[in-house]
Amino acid sequence: MKKRLVVQGRLSDAQLAELRDLFEVAVLPKTTALDAPENRALLAEAHGIIGSGLAITPQLLDAAPNLNVIATISVGYDNIPVDELTKRGIMLCNTPDVLTETTADTGFALIMTTARRVVELAEWVKADKWQASIGPALFGSDIHGKTLGMVGFGRIGQAVARRGALGFGMRVLYSNASPKPDLESELGAQRRELNALLAEADFVCVTVPLTAETEHLIGTQEFAQMKPSGIFINIARGKVVDERALIHALENGVIHAAGLDVFEQEPLPASSPLPRMANVVALPHIGSATHETRDAMAQRAVDNIRLALQGERPISLVNKEVYP
Ligand code: 8YV
């Protein structure tokens with residue numbers, strides 16, 4: 001008998017066909033809650049769930065006693081209670097590597113647009129305000145030769161740093177639990193305590209995963225450490241930053257500007273002042289959102305779930321202790 005899969009995320013027709021060849025596949029629309037009463041029967045029989053932004057709770061896991069694997073189409077898995085999965089012997093697979101460079105491109109796009117005021121000035125041209133050559137009131141600040149402070153120095157953080165060091169001659173600082181000697185020799189990167197990094201960097205770019213330890217890692221005190229000319233970039237998760245403290249810092253000249261791809265609440269509520277602030281570039285969580293990369297992420301998740309349900313080791317297994 002074929003194993004049963006629940007899909008709640010964007011897969012191509014070819015990817016769905018690949019899964020349908022091997023498994024009994026039920027596709028749920030994004031608009032349905034995974035644990036809605038009408039999905040109970042599906043969950044009760046499911047061996048695997050694949051999708052993005054999956055709302056996984058212990059109650060949902062109780063309702064899915066046959067579940068072997070969850071494959072999220074994302075590198076981040078802060079929406080998934082990993083310990084609960086591990087306790088129940090359920091594998092969790094994610095999609096690292098394939099999105100590293102694209103997400104780093106997004107980070108660098110934010111560095112460039114904030115420093116050079118690209119969005120603000122493009123809007124200004126659109127509004128027919130370009131009547132004479134611009135003066136210092138509209139000048140930006142340089143990127144090349146400046147200091148880039150990476151908060152978190154995993155795959156994506158390193159890829160942003162590589163762009164800065166090799167493409168823009170930036171000096172790279174990083175704060176990370178472990179030292180990265182290879183990157184120190186490759187890029188001349190120097191490790192710093194968080195507070196020292198905040199004080200020295202012209203650009204502070206956050207790439208740490210969201211965990212209990214990193215929630216609100218950056219708040220009032222951290223913004224106060226930054227230079228008043230400092231630019232803050234977040235391509236990690238909104239909750240790593242105390243957003244109220246960020247708004248206060250931006251409104252009061254504690255820091256100069258911010259480029260944000262992620263927010264405490266997504267989609268950003270209409271009441272948020274952030275998108276309307278001239279010194280903010282706010283993006284709708286586009287970190288990995290290119291055709292090529294979203295397709296590669298979906299394929300990685302398909303490969304992960306196929307391998308897991310065929311009894312083989314998935315390519316990207318988060319809770320490795322679960323694999324027999
Ligand atoms: C996701 C992301 O694709 O991978 C991650 O962790 O943040 C994005 O690239 C997005 O959350 C949609 O699932």
Side-chain angles (χ1 to χ4, degrees), residues 6-12 15-16 27-34 48-57 60 69-82 85 91-110 150-160 163 205-215 217-218 233-241 243 259-269 281-305 314-319:
V6 174
V7 177
Q8 192 178 44
R10 199 172 291 115
L11 299 182
S12 68
Q15 287 161 347
L16 269 177
V27 179
L28 294 183
K30 263 300 209 197
T31 42
T32 320
L34 207 47
I49 302 178
I50 178 169
S52 55
L54 296 167
I56 307 291
T57 59
L60 180 137
V69 55
I70 295 178
T72 175
I73 310 174
S74 64
V75 66
Y77 47 85
D78 44 276
N79 52 323
I80 297 178
V82 187
L85 266 63
M91 289 182 259
L92 173 64
C93 306
N94 67 340
T95 63
D97 307 313
V98 291
L99 50 54
T100 301
E101 299 300 329
T102 297
T103 309
D105 285 349
T106 303
F108 227 86
L110 284 171
M150 298 304 307
V151 180
F153 213 42
R155 284 171 289 244
I156 294 170
Q158 293 172 16
V160 174
R163 281 159 178 70
C205 179
V206 178
T207 62
V208 286
L210 174 62
T211 63
E213 290 75 45
T214 62
E215 188 164 352
L217 176 71
I218 309 290
I233 307 291
N234 188 2
I235 54 169
R237 285 290 184 264
K239 288 190 176 128
V240 172
V241 178
E243 210 161 272
L260 309 168
D261 188 39
V262 289
F263 302 88
E264 288 210 53
Q265 196 185 322
E266 296 179 7
L268 199 51
V281 175
L283 297 178
H285 199 147
I286 64 163
S288 63
T290 63
H291 292 293
E292 300 90 333
T293 293
R294 283 291 167 88
D295 186 62
M297 290 164 70
Q299 189 60 48
R300 169 64 66 89
V302 166
D303 293 343
N304 279 334
I305 208 152
I315 304 166
S316 356
L317 179 59
V318 173
N319 50 354

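In each ligand, atom 1 is the first atom listed, and ligand 1 is the first ligand listed.
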Which atom names give the shortest non-hydrogen contact between [X] and [Y], and what distance separates them?
X      : Y      : answer
Thr95  : Val75  : OG1-N, 3.5 Å
His285 : Arg294 : O-NH2, 4.2 Å
Ile56  : Pro81  : O-CD, 3.3 Å

>> Just by distance, no angles: are the side chains of Asp303 and Gln299 close enough, under 3.5 Å, to form a donor-acceptor pair?
In response: yes
Protein heavy-atom partner closest to [atom] - residue, atom, separation in Å:
atom                    : value
atom 12 (C) of ligand 1 : Arg294 NH2, 4.1 Å
atom 4 (O) of ligand 1  : Val75 N, 2.7 Å
atom 13 (O) of ligand 1 : Ser52 CB, 3.3 Å
atom 9 (O) of ligand 1  : Ser288 OG, 2.5 Å

Which ligand 1 atoms does [X] reach within 4.0 Å, using its non-hydrogen atoms?
X      : value
His285 : 2 (C), 7 (O), 8 (C), 11 (O)
Gly76  : 4 (O), 5 (C), 6 (O)
Ile73  : 3 (O), 13 (O)
Arg237 : 2 (C), 5 (C), 6 (O), 7 (O)

>> Counting C-beta onward and ignoring hydrogens, is there a side-chain heavy-atom pair between Val262 and Val240 closer than 4.5 Å?
In response: no
> Should Ile305 and Cys93 be marked as a side-chain contact (heavy atoms from CB on, under 4.5 Å) after you check the CA-CA gap, both sets of side-chain angles, and the distance that decides it?
Replying inline: CA-CA 8 Å; Ile305 208 152; Cys93 306; over 6 Å; no
>> Heavy-atom distances under 4.0 Å decide this one: backbone, side chain, both or neither, for Leu99 against ligand 1?
In response: side chain
>> Let's go through Arg163 and Glu101 carefully: what are the C-alpha distance in whole Å and the side-chain angles of both, what is the deciding distance for salt bridge (charged side-chain N to carboxylate O under 4.0 Å, His left out) to 0.1 Å, and is it a yes or a no?
In response: CA-CA 10 Å; Arg163 281 159 178 70; Glu101 299 300 329; 2.8 Å; yes
>> Does any N or O of ligand 1 fall below 3.5 Å from an N or O anywhere on Met297, backbone included?
In response: no
